[in-house]
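As a basis for the values below, the full set of heavy atoms in this structure was taken, side chains included, without hydrogen atoms, waters or symmetry mates. Here is how names work: the chains are called A, B, and so on, in the same order as the sequence lines, proteins then strands, and each is numbered from 1.
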Amino acid sequence: MIESDPHLISGLKITRMKASRYTISTLKETPADAEIASHQLLIRGGFIRKLASGIYNWMPIGLKVLQKIERIIREEMNASGAQEVLMPVVQPAELWEESGRWGKYDDGLLLKFTDRHNRNFCLGPTHEEIITEIARNELRSHKQLPVNYYQIQTKFRDETRPRFGVLRAREFMMKDAYSFHSSQQSLQETYDLMHETYSRILSRMQLDFRPVLADTGSIGGSASMEFHVLADSGEDIIAFSSDSDYAANIEMAEAVGPEPEATTPEATEDISTPGIKTIAELAAFLKIDPARTVKTLIVKGSETPLVAIVLRGDHEMNKIKAEKLPEVAETLIMASEEEIRNVIGAGTGSLGPQGLNIPLLVDRAAAALTNFVAGANRDDFHTLNVNWERDCGDFRVVDVRNVEEGDPSPDGKGTLRLKRGIEVGHIFQLGYRYSEAMNATVLDENGKAITMLMGCYGMGVSRLVGAIIEQNHDEKGIIWPAPIAPFHCIIIPVNGHKSAAVAETAEHIYKALGAAGIEVLLDDRDGVRPGAKFADAELIGIPHRIVVGDRGLDKGVVEYVNRRSGESAEISTHQIAQYLIDLVKSDSDK
RNA sequence: CGGGGUGUAGCUCAGCCUGGUAGAGCACUGUCUUCGGGAGGCAGGGGUCGUGAGUUCAAAUCUCGCCAUCCCGACCA
């Protein structure tokens with residue numbers, strides 16, 4: 001039976017907890033299937049446990065962290081005027097058929113099933129359809145607009161490859177908000193407000209983040225920004241200017257074309273290049289810079305079977321940009337060797353832009369070259385001194401490459417730098433994408449039905465737990481930012497079982513801190529030696545630690561240690577409670 | 001989905017190649033000593049070796065199927 005403690009709980013906030021009565025399931029060894037720091041530390045610290053691939057249990061201490069994040073998000077969303085709702089995880093197929101996404105939504109990600117009456121349902125990967133259903137039923141007049149509804153709910157996406165623990169789980173916690181408007185200006189205002197709100201939320205979590213221009217992806221819509229937490233383990237690459245606040249996902253970052261070269265065209269010359277297939281081999285063979293060459297990629301077209309895309313030899317194709325080109329098939333597919341040979345008469349490795357009879361799309365940087373080297377469209381031959389106007393027929397200049405470190409910034413200010421980021425938020429202006437398909441209208445001033453404009457604003461709550469750890473850990477474990485920490489303070493009595501003075505002092509400080517509303521964990525576990533307690537405290541990342549031992553009590557002091565700085569101080573037993581109260585208060589004032 | 005790896009105690013793994021009594025460390029239970037940086041002794045509990053078939057006198061070990069899981073490539077909060 002658990003000892004009754006009337007002071008244990010104050011409202012919903014657990015201010016006092018004894019480690020002997022709390023599930024602290026720390027592991028000394030790193031689990032074999034965890035690759036990155038946040039995943040390893042969440043498992044080792046006993047915050048989460050895997051139930052199945054990409055599906056996790058949140059243990060008591062992990063849930064506390066999750067709820068701290070939720071609380072910050074709720075406070076800021078409420079402050080922005082948004083209203084919290086809760087929509088079902090299980091969603092009927094009919095609404096998805098109405099929006100046209102039942103058969104389209106990245107087939108596979110959507111987990112479908114049927115009930116006993118053989119009706120189709122799915123587990124919600126997102127809630128545009130449901131919120132639009134709510135809006136069209138409940139909103140009648142333009143006077144009710146704008147509104148912004150949000151929820152914090154479990155989502156399920158049947159990712160082909162769950163990875164990195166909570167950073168890419170199949171089941172995860174997300175805050176999603178949806179706004180409705182009668183004018184573009186109103187949508188823009190809410191969009192801007194959400195931009196500010198997201199910045200405020202991430203700042204309160206003390207994260208180093210960047211809002212960046214983003215692709216809208218499969219959700220659709222126009223304007224879109226992602227919020228990235230900077231971390232080397234991030235899956236996205238973002239480009240940002242050295243001299244301005246321009247920042248964009250590399251998927252979107254515009255590659256500015258260089259000035260065309262002014263060199264006079266020289267006579268072309270075919271040379272034998274036996275066995276040379278790659279740009280690196282070609283550049284080494286000719287002893288030239290890869291930037292003097294071009295590479296020709298053949299992909300499936302939308303109107304024609306094949307399309308040629310030409311890039312400078314040292315550049316990489318950007319898949320997202322390529323798919324947006326009208327000549328290119330909506331899903332980028334590279335042509336097979338056989339298809340290429342049938343149309344061009346040469347294989348990959350010997351292709352060039354000269355004399356092709358398929359649409360020719362040339363990246364800006366490649367188009368600026370003169371007297372460059374390209375494949376000769378004849379196996380094992382390349383051509384020197386190729387020039388666009390003279391040698392290549394009709395072509396269109398496009399932006400289809402990834403930007404690189406040092407490229408000029410598209411806004412003309414400074415140069416681009418690249419960093420990795422974890423996408424924790426994404427805001428969109430959806431426009432009419434769903435409201436039109438699902439006929440969500442209100443009456444305007446003239447009594448005429450108008451389709452509402454929509455915005456949508458997502459934030460990965462459980463992903464944030466991982467992202468925060470990626471930015472806040474050391475070799476010993478997690479270092480929670482104060483507003484996220486599961487407990488503010490941990491008290492470790494040394495030899496409390498032997499020394500009544502130690503046990504009593506620890507208990508006294510514990511009660512004093514709890515009474516002051518500080519979330520405090522007393523590590524009173526029997527038979528766990530001090531070293532193990534110190535290691536656990538550091539692993540689970542409690543910001544403030546108090547060590548009570550005979551060594552200090554003889555002098556009337558206890559030891560205070562700061563998790564982040566490692567700094568320690570001896571504080572008198574009479575002053576320690578107030579000392580901590582002041583520290584925690586200054587944490588929350590930040 | 002394509003390619004590769006791995007499934008043996010709660011966790012980390014050995015054993016498999018070369019078939020013959022199922023192991024270690026950590027964790028757990030009891031006990032004694034210990035107790036300011038993941039202690040040590042003694043005693044103990046815990047495994048249908050992922051699963052199904054096949055080969056064999058005999059399968060954790062060899063063969064095949066299936067399942068799970070992880071990693072590398074195309075998607076997303």
Can you give each donor-acceptor pair under 3.5 Å made by side-chain atoms of residues 45-53 of chain A, sequence neighbours left out, with the distance rounded to 0.1 Å?
residue	atom	partner	partner atom	Å
R49(A)	NH1	I43(A)	O	2.7
R49(A)	NH2	S25(A)	O	2.7
K50(A)	NZ	D33(A)	OD2	3.0

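Annotation: side-chain contact (heavy atoms from CB on, under 4.5 Å) contacts of K28(A) (sequence neighbours excluded): none. A322(A) meets the side-chain contact (heavy atoms from CB on, under 4.5 Å) test with I309(A), M317(A), L332(A), V400(A); sequence neighbours excluded. Every residue two or more places apart in sequence or in another chain that forms a side-chain hydrogen bond (donor to acceptor under 3.5 Å, both in side chains) with S99(A) is listed here: E129(A). Listed by chain and residue number, V307(A), L325(A), L361(A), R396(A) satisfy the side-chain contact (heavy atoms from CB on, under 4.5 Å) test with E327(A) (two or more places apart in sequence, or in another chain). For P483(A), the side-chain contact (heavy atoms from CB on, under 4.5 Å) test picks out I72(A), Q206(A), P481(A), with sequence neighbours left out. In this structure, the salt bridge (charged side-chain N to carboxylate O under 4.0 Å, His left out) partners of R163(A), at least two apart in sequence or on a different chain, are E235(A). In this view, Q91(A) and W96(A), H127(A) satisfy the side-chain hydrogen bond (donor to acceptor under 3.5 Å, both in side chains) rule, not counting sequence neighbours.
Atom name C1', nucleotides C42(B) and U48(B): the rounded distance is 32 Å, in whole Å. On the C1' atoms, U18(B) is 39 Å away from C1(B), given to the nearest whole Å.
Salt-bridge formation is not detected for the pair R420(A)/D236(A): no Lys NZ or Arg NE/NH1/NH2 atom is positioned less than 4.0 Å from an Asp or Glu carboxylate oxygen.
Counting any heavy atom pair closer than 4.0 Å across all strands shown, A34(A) reaches no nucleic acid atom. Residue contacts shown for N249(A) are absent, as no nucleic acid heavy atom lies under 4.0 Å away. Looking at heavy-atom distances under 4.0 Å, E35(A) makes contact with sugar-phosphate atoms alone, never a base.
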> When you check every protein heavy atom under 4.0 Å of nucleotides 3-10 of chain B, what one-letter string (B, S, -) results, 5' to 3'?
Replying inline: --------

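What separates CZ of R170(A) from P of U69(B) is a distance of 7 Å, to the nearest Å.
Toward the 5′ end of RNA chain B lies the nearest nucleotide of S53(A), the other residue of the pair V166(A) and S53(A) mapping further downstream.
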Pairs under 3.5 Å (N/O, protein and nucleotides 36-41 of chain B):
residue	atom	partner	partner atom	Å
G36(B)	O2'	R551(A)	NH2	2.3
G36(B)	O6	G549(A)	N	3.4
G36(B)	N2	E559(A)	OE1	2.2
G37(B)	O6	R545(A)	NH2	2.6
G37(B)	N1	E538(A)	OE1	3.3
G37(B)	N1	E538(A)	OE2	2.9
G37(B)	N2	E538(A)	OE1	2.2
G37(B)	N2	E538(A)	OE2	3.4
G38(B)	O2'	K28(A)	NZ	2.7
G38(B)	O6	R44(A)	NH2	3.1
G38(B)	N1	D536(A)	OD1	3.3
G38(B)	N2	D536(A)	OD1	3.0
A39(B)	OP2	R529(A)	NE	3.3
A39(B)	N9	R529(A)	NH1	3.2

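Remark: G73(B) base-pairs with C1(B); criterion is Watson-Crick or G-U wobble with both hydrogen-bond distances under 3.5 Å. Shown here, A58(B) forms no base pair; nothing in the strands shown gives a Watson-Crick or G-U wobble contact with both key distances under 3.5 Å. Pairing for U51(B) is with G65(B), a Watson-Crick or G-U wobble pair whose two hydrogen-bonding atom distances lie under 3.5 Å. Searching all strands for a Watson-Crick or G-U wobble partner of G44(B) with both distances below 3.5 Å returns C28(B). For U34(B), there is no paired nucleotide, since no Watson-Crick or G-U wobble pair has both relevant distances below 3.5 Å. For C13(B), the paired nucleotide is G23(B), the pair qualifying as Watson-Crick or G-U wobble because both relevant distances are below 3.5 Å.
When distances are taken from the side chain of E423(A) to each of C76(B), G73(B), C70(B), the shortest belongs to C76(B). Checking A77(B), A74(B), C70(B) against every side-chain atom of R157(A), the shortest atom distance belongs to A77(B). In this structure, the nucleotide among C75(B), C13(B), U69(B) sitting nearest to the side chain of A32(A) is C13(B). Side-chain proximity of P31(A) to the nucleotides C75(B), U12(B), A77(B) is greatest for U12(B).
One finds no side-chain N or O of S462(A) lying less than 4.0 angstrom from the OP1 or OP2 phosphate oxygen of A77(B). Taking 4.0 angstrom as the limit, K498(A) places a side-chain polar atom (N or O) nearer than this to OP1 or OP2 of C35(B).
With hydrogens and angles ignored, a donor-acceptor pair closer than 3.5 Å exists between the side chain of T160(A) and the base of A74(B). Side-chain N/O atoms of R168(A) and base N/O atoms of C75(B) include a donor-acceptor pair closer than 3.5 Å. Counting distance only, with no hydrogens placed and no angle test, the side-chain atoms of H497(A) and the base atoms of C35(B) include a donor-acceptor pair under 3.5 Å. If you check distances only, the side chain of R463(A) does reach the base of C76(B) with a donor-acceptor pair under 3.5 Å.
In this structure, K419(A) is not positioned above the aromatic face of F240(A) in the sense of NZ or CZ being under 6.0 Å from the six-membered ring centre and within 45° of the axis.
The distance from atom CD1 of I546(A) to atom OG of S568(A), rounded to the nearest 0.5 Å, is 13.0 Å.
Within the structure, every pair that satisfies the ring-ring contact (aromatic ring centres under 6.0 Å, His included) test and touches residues 536-563 of chain A, not counting sequence neighbours, is listed here: H544(A)-Y560(A), Y560(A)-Y579(A).
For the 3.5 Å distance criterion, the side chains of D176(A) and Y178(A) qualify, holding a donor opposite an acceptor.
Residues from residues 562-576 of chain A with heavy atoms under 4.0 angstrom of RNA chain B: there are none.
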